[in-house]
Amino acid sequence: MKKKVLLILSLATLIFVSCDSNDDNDGYADYLVARPLIMSKAEFANGVDIIAPRPIDESGKVYTYEDYIFINDKYQGVHVIDNSNPQQPQKVSFIKIPGNVDISVKDDFLYADSLMDLVVIDISDLNNLNTVNRLENVLYNNIFFPFEADIVEYDTYDYDTEILVGWETVTESRLTAEVEQNRGIGIFDDVALNEASDGGTGQGGSLARFKIVDDYLYAVDSHNINVFDISDLENPEDLEDVYAGFDIETIFNRGNHLFLGSMRGMYIYDISSPATPTFVSEFQHGTACDPVVVDGDYAYVTLRGGNECGALESGLFIVDISDITDPKLAVDYPMDEPYGLGIKDEKLFVCDGSSGLKVYDKTDVEDIKMLNHFKDIVTFDVIPLESHLIMVGDEVLYQYEYLDDEIKLISQIGLN
């Protein structure tokens, strides 16, 4: 019989209780509750499929390829949107990929993580997908314990026949006294965590962990750069991983360099020899969630504090990389809860979480000027295309037209 486990994360719970204890709510408070997504191993191995469009559960990474936009539904797969007319985007389908967080595409071949596996899908006909390859156990498992949750509630599962493919988090009202009573009980007793644009490529946002450069796919996990030779698109070759540090979160490419964003800093690697990235330098900034984009002599880094990110304060750091071997902080600006960011010419776009989308003129990095501030929306990541801007927020896809000194919304489509 499966055993139900209630896990209370003490620090976050204490914060919620202290914030809500004075409210007239009959002893109830709102808590972030996490539950596992579990499936059979047999279903996981054969889980890639295409189905009709469905509501999104949790907006994840965004990726564009030709006339299509792909939006990750965290741990579950990818929503496909036909964007041949940006003013009227149309939902096309949903590609089920259990345990998926990232994708990258080259010449109609989509590469996706499925927990520790790399899956190769022929998308030349989006109505008739063909899984052409599956490299097993070549990636570090991307399913991490949901430390951002206040309560983790789940049924233990049969490790021989079932597998954890992700976590679902929801906000629920719970009786504070019961939460207090259970705090600290059963912590980790039954927890088992899994451990283990060029040419015809698409374009990802600043939160991407996958990046294709020429004939190589680079996929970062928390510690490594996983390197794959994809010169034979259907048959990737798993090359030697490169240890890159701790808490790696994102990857960005410019020329012969990879820029890795981590919770501790920005790491720069040389890929002149693409099969063996070599360390060049690093910029340390403490502990915070950290995507990176690069333009000219500067790297733009958003640091998000709070929750699992560690740091208390958030901001935009602009780093001088004119000497690639010795990056230095040029200037920093306060932000509220920034996630992704992007650059188009002299415009800088920052997704500042629930504080909305902020657009700056970065002509003078020492004194950036705000051009637009789209408030009352939750923002996650952006992709600045040549023709227009794509942004994914909380269950909504937005698209904006570039104007001389601002941008203007041209369409939005709900994903739920």
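For an aromatic pair to be called close, the ring centres must be under 6.0 Å apart, and Y218 with Y269 fails this.
Ion pairing between R35 and E172 holds under the 4.0 Å rule for side-chain N and carboxylate O. The pair D295-K362 meets the salt-bridge criterion, with a side-chain N (NZ, NE, NH1 or NH2) lying under 4.0 Å from an Asp/Glu carboxylate O.
Within 6.0 Å of the NZ atom in K96, the count of heavy atoms belonging to other residues, nucleotides or ligands does not exceed 12. For D323, the CG atom is densely surrounded, since the number of other residues' heavy atoms within 6.0 Å is greater than 12.
There is a side-chain donor-acceptor pair under 3.5 Å between N235 and D232.
Considering D113, I103, N226, V105 in turn, D113 is the only one that fulfils the side-chain contact (heavy atoms from CB on, under 4.5 Å) rule with F210.
Between H223 and Y140, the angle of the ring planes goes over 60°, which puts this pair in the perpendicular group of the 30/60° scheme.
Judged by a 6.0 Å distance limit and a 45° cone about the ring axis, R174 is not positioned over the six-membered ring of Y31.
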Next item on the list: Apply side chain to side chain contact (heavy atoms under 4.5 Å, CB included) to the pair Y398 and T379, showing each step before the final yes or no.
Entry: CA-CA 10 Å; Y398 302 88; T379 60; 5.8 Å; no
Note to self: Would V294 and H257 count as a side chain to side chain contact (heavy atoms under 4.5 Å, CB included) here? Give the steps.
What the structure shows: CA-CA 10 Å; V294 177; H257 291 99; over 6 Å; no
Item checked: Pair F228-V138, side chain to side chain contact (heavy atoms under 4.5 Å, CB included): steps then yes or no -> CA-CA 10 Å; F228 300 90; V138 294; 3.9 Å; yes
